[in-house]
Amino acid sequence: MKFLTLEGVDGAGKSSHIEFIADAVRAKGAHVIVTREPGGTDLAERLRKVILGEALTPVVETLLVFAARADHVARVIQPALKAGHYVVCDRFTDATVAYQSAGNGVSADLVQRLAQAAHPGLAPHLTLVFDCPYEVARERLHKSGRQLDRFEKEDRAFFERVRGAYLSLARSEKDRVRIIDASGDAAAVRVQVKAALQGF
């Protein structure tokens, strides 16, 4: 059983690589559960719509994120890990550190205390952070042609705070966190992903 998370700024393209990553892990003979946050359960998906679509205060937003996460961990992630499966999750608590704490100013201490309540003792074994400059991310979001959620609409200053938090995380947790340069094309990104998955 192993727990792999994908993180990164909006527009870095991490979600477009999640099935490639899951297939690479399956190729090692593992059974893989692919999931996402906020989301992954009926309740958490309903909360996701509120979190991404409603105007919320930063603290309310953080509490809803962790409510969704606690349900997701209890109903999906922990049972899968206990059954010996691998879990590949699009975002986890690192996203809350980056978005709600660094991005929106919520106390880092509050985030850590909520993390302990929502998933005591559970942390990813490996985290891939998809990183790219603001200009690249904005162009990709613009080209997507879909309606952007409220995080994707945030300004450059917010983007840079979030990106900075992820880069800081990678520096402080080198054994767990790998930075993927997501500014290139899909093939170039996947070469890095395959290298990062060696030994996982």
A.B. asks: Please tell me if the side chains of Leu126 and Lys2 come closer than 4.5 Å, counting only heavy atoms from C-beta onward.
C.D. replies: no
A.B. asks: Flag the pair Leu56 / Leu64 as yes when at least one side-chain heavy-atom distance between them is below 4.5 Å, and no otherwise.
C.D. replies: yes
A.B. asks: Quick one: does Tyr86's side chain get under 4.5 Å of Leu4's, heavy atoms only?
C.D. replies: no
A.B. asks: Determine whether Thr35 and Glu37 make a side-chain contact, defined as any pair of heavy atoms from C-beta on separated by less than 4.5 Å.
C.D. replies: no
A.B. asks: Return the CG to CG distance between Asp149 and Asp10, rounded to the nearest 0.5 Å.
C.D. replies: 6.0 Å
A.B. asks: Can you tell if the side chain of Phe92 reaches within under 4.5 Å of the side chain of Leu122, non-hydrogen atoms only?
C.D. replies: yes
A.B. asks: Looking just at side-chain N and O atoms, do Arg36 and Ser15 make a donor-acceptor pair shorter than 3.5 Å?
C.D. replies: no
A.B. asks: Of all heavy-atom pairs between Ile51 and Phe151, which one has the smallest distance, and what is that distance?
C.D. replies: O-CE1, 3.8 Å
A.B. asks: If I compare all heavy atoms of Val111 with all of Phe66, which pair ends up nearest, and what's the gap?
C.D. replies: O-CZ, 3.6 Å
A.B. asks: If you measure from the Lys or Arg side-chain nitrogens to the Asp or Glu carboxylate oxygens, is any gap between Asp42 and Arg46 under 4.0 Å?
C.D. replies: no
A.B. asks: Would you check if Ser168 and Arg171 make a side-chain contact, meaning some heavy-atom pair closer than 4.5 Å?
C.D. replies: yes
A.B. asks: Side-chain contact, heavy-atom cut-off 4.5 Å: Lys14 with Leu128?
C.D. replies: no
A.B. asks: Pick one: which of Arg176, Arg178, Glu173, Glu7 meets side-chain hydrogen bond (donor to acceptor under 3.5 Å, both in side chains) with Thr127?
C.D. replies: Arg176
A.B. asks: Could you tell me the separation between the CZ atom of Arg150 and the CD atom of Glu54, rounded to the nearest 0.5 Å?
C.D. replies: 8.5 Å
A.B. asks: Are the charged groups of Arg69 and Asp94 less than 4.0 angstrom apart, N to O?
C.D. replies: no
A.B. asks: Rounded at 0.5 Å granularity, tell me how far CD in Gln78 sits from CZ in Arg75.
C.D. replies: 14.0 Å
A.B. asks: Side-chain contact test, heavy atoms from C-beta onward, threshold under 4.5 Å: evaluate it for Glu61 versus Tyr99 and give yes or no.
C.D. replies: no
